[in-house]
Number of protein chains: 2
Amino acid sequence: MALQEIPLAHPQCGSCPIRHRAVCARCEADELMSLDAIKYYRSFEAGQTLIWSGDRMEFVASVVTGVATLSQVMEDGRTQTVGLLFPSDFVGRPGRDTAPYNVVATTDLLMCCFRKKPFEDLMAKTPHIAQRLLEMTLDELDAAREWLLLLGRKTAREKIASLLAIVARRDASLKMLPAAGKLVIDLPLTREAMADYLGLTLETVSRQMSALKRDGVIELEGKRHVTIPNFDRLIEEAGDDTDGGIPG
Amino acid sequence: MALQEIPLAHPQCGSCPIRHRAVCARCEADELMSLDAIKYYRSFEAGQTLIWSGDRMEFVASVVTGVATLSQVMEDGRTQTVGLLFPSDFVGRPGRDTAPYNVVATTDLLMCCFRKKPFEDLMAKTPHIAQRLLEMTLDELDAAREWLLLLGRKTAREKIASLLAIVARRDASLKMLPAAGKLVIDLPLTREAMADYLGLTLETVSRQMSALKRDGVIELEGKRHVTIPNFDRLIEEAGDDTDGGIPG
DNA sequence: CGACTTCTTGAGGGGATTCAATGTTCGTGG
DNA sequence: CCACGAACATTGAATCCCCTCAAGAAGTCG
């Protein structure tokens with residue numbers, strides 16, 4: 001682990017890979033300097049829980065690299081993932097002090113953190129941050145509502161196809177490539193994490209992955225490396241009429 | 001229909017029943033006057049579709065009285081309700097011009113509308129509106145995420161109990177009463193609308209309503225009038241560990 | 001190599017759906 | 001006033017998709 005080096009990975013916001021998509025996207029140079037002054041980096045290993053539901057929230061943060069999940073757990077252990085956090089996504093709610101969900105790193109993860117109080121103070125003085133946060137929250141709400149349709153009405157096969165499509169879209173967007181034709185992705189999730197996100201069991205996930213492979217919708221190399229020979233075909237399998245709205 | 005009278009129902013914002021909970025909640029007297037100048041009321045009958053997915057959004061609005069749903073429909077007709085709108089809830093997204101969902105009145109409905117452009121202009125000058133909208137959007141996101149758990153992991157019985165609990169909470173909150181002990185509600189939804197919200201079929205909804213009645217969790221008078229003799233018992237049936245966060 | 005975690009595959013069971021019929025409520029007109 | 005029909009709801013029987021339980025395979029790390 002190169003824990004010591006990582007905090008220096010992006011000493012200045014100007015060189016940050018999520019600069020133009022994160023909560024700071026609309027900030028001017030001077031506003032960026034204010035953020036820069038209170039930010040600090042933290043890194044986490046795959047599998048690590050960053051925040052436990054009910055914990056006091058000491059900070060808010062942006063995902064810089066890696067993927068994390070938000071999840072809710074019922075008393076009897078049933079688990080539902082309620083959010084997938086990709087680079088540039090924001091965690092934490094200004095004005096609230098206990099965490100409503102578990103936040104778990106599903107890959108190695110680098111976060112750009114702000115202590116809550118200084119961030120709130122800065123936000124009060126910086127409309128550009130609040131504006132961007134509203135925009136991002138509205139996007140997240142749309143994404144959550146798309147997921148409601150998935151959980152409520154889609155078949156297991158459609159659920160898997162939808163998840164693969166989302167990951168492929170975010171991945172393409174990150175690489176500034178169009179999400180079309182042949183795509184190759186590395187799943188940032190275990191079969192169990194996929195199941196928790198899709199409201200399925202890990203066995204069903206595995207079976208449907210095999211079925212999609214058998215039917216030529218995807219190709220598998222190992223468990224995580226997935227080739228999508230024809231993205232349109234995958235979208236068909238996902239049952240989506242709308243071509244899902246990834247911003248940017 | 002007394003359509004002519006309703007637009008005058010709340011000529012001034014000061015006497016508006018949702019004054020302190022809607023998007024205008026934080027506004028000062030002068031800000032309220034600006035809103036007042038551009039607002040207009042519209043009423044709709046139960047069953048009417050106010051907005052079709054894909055339509056141009058001409059306005060944003062607050063629910064004043066009644067209940068509406070946001071819903072998504074797949075090509076083959078599968079329908080999922082992705083939001084229940086109670087009095088004070090907000091519809092529409094500044095900065096977007098086509099509607100992503102159908103908005104349907106499930107009861108007679110009174111809306112306080114603002115044409116989109118004037119509202120956006122006003123919002124740019126009035127941080128109190130943007131602040132409140134952010135707050136409300138974050139609350140909606142939490143509600144949507146609670147619903148993800150429901151759709152992904154709860155049994156049909158738990159789903160019904162959860163819906164009854166939500167309606168009872170919103171109803172109690174509206175009447176400024178505590179949500180505890182014995183409660184009486186009128187369901188603003190048909191069995192089919194309940195099914196669409198819960199990711200079930202209407203037959204399953206009906207069966208589970210009967211089962212909850214048989215087990216003494218609820219009492220039914222007609223199809224819509226529900227008595228909850230013991231709210232805590234209902235919450236147990238809903239499988240919730242957290243005591244669901246209705247703001248205010 | 002062997003222990004562990006992760007994943008795949010199979011067999012059987014169960015909760016919700018589908019298909020179908022009956023019941024209830026309510027408004028309308030004879 | 002009550003019969004009639006339409007909309008909404010309840011109940012039953014059979015089916016199916018996904019889950020549960022279980023065993024074995026495949027990768028991973030000491």
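Letters go in sequence order (proteins before strands), and every chain restarts at 1.
- Between the side chain of A/Glu203 and the base of D/dC21, a donor-acceptor pair under 3.5 Å is found.
- A salt bridge links B/Arg145 to A/Glu140: one of the charged nitrogens lies within less than 4.0 Å of a carboxylate oxygen.
- B/Gln208 places its CD atom 14 Å from the P atom of D/dG12, with the value rounded to the nearest Å.
- Take the nearest nucleotide of DNA chain C for A/Leu202 and for B/Val205: the residue whose nucleotide is more 5' is A/Leu202.
- A/Leu200 comes within 4.0 angstrom of the backbone, heavy atoms only, and of no base.
- Using a 4.0 Å heavy-atom distance criterion, A/Thr190 is classed as a sugar-phosphate-only contact.
- Here B/Glu237 pairs with B/Arg233 in a salt bridge; the nearest charged N to carboxylate O distance falls below 4.0 Å.
- Between A/Lys223 and A/Arg207, the one whose closest nucleotide on DNA chain D sits nearer the 5' end is A/Arg207.
- Using a 4.0 Å cut-off, some side-chain N or O of B/Ser210 falls inside it from OP1 or OP2 of D/dT11.
- In this structure, A/Glu192 places its CD atom 12 Å from P of D/dT20, rounding to the nearest Å.
- Atom NZ of A/Lys159 is separated from atom P of D/dC18 by 8 Å (rounded to the nearest Å).
- The 5' end of DNA chain C is approached more closely, in terms of each residue's nearest nucleotide, by A/Arg191 than by the other of A/Arg153 and A/Arg191.
- Using a 4.0 Å heavy-atom distance criterion, A/Gly199 is classed as a sugar-phosphate-only contact.
- The main-chain N or O of A/Val104 is never found under 3.5 Å from a side-chain atom of A/Asn102 such that the two would form a donor-acceptor pair.
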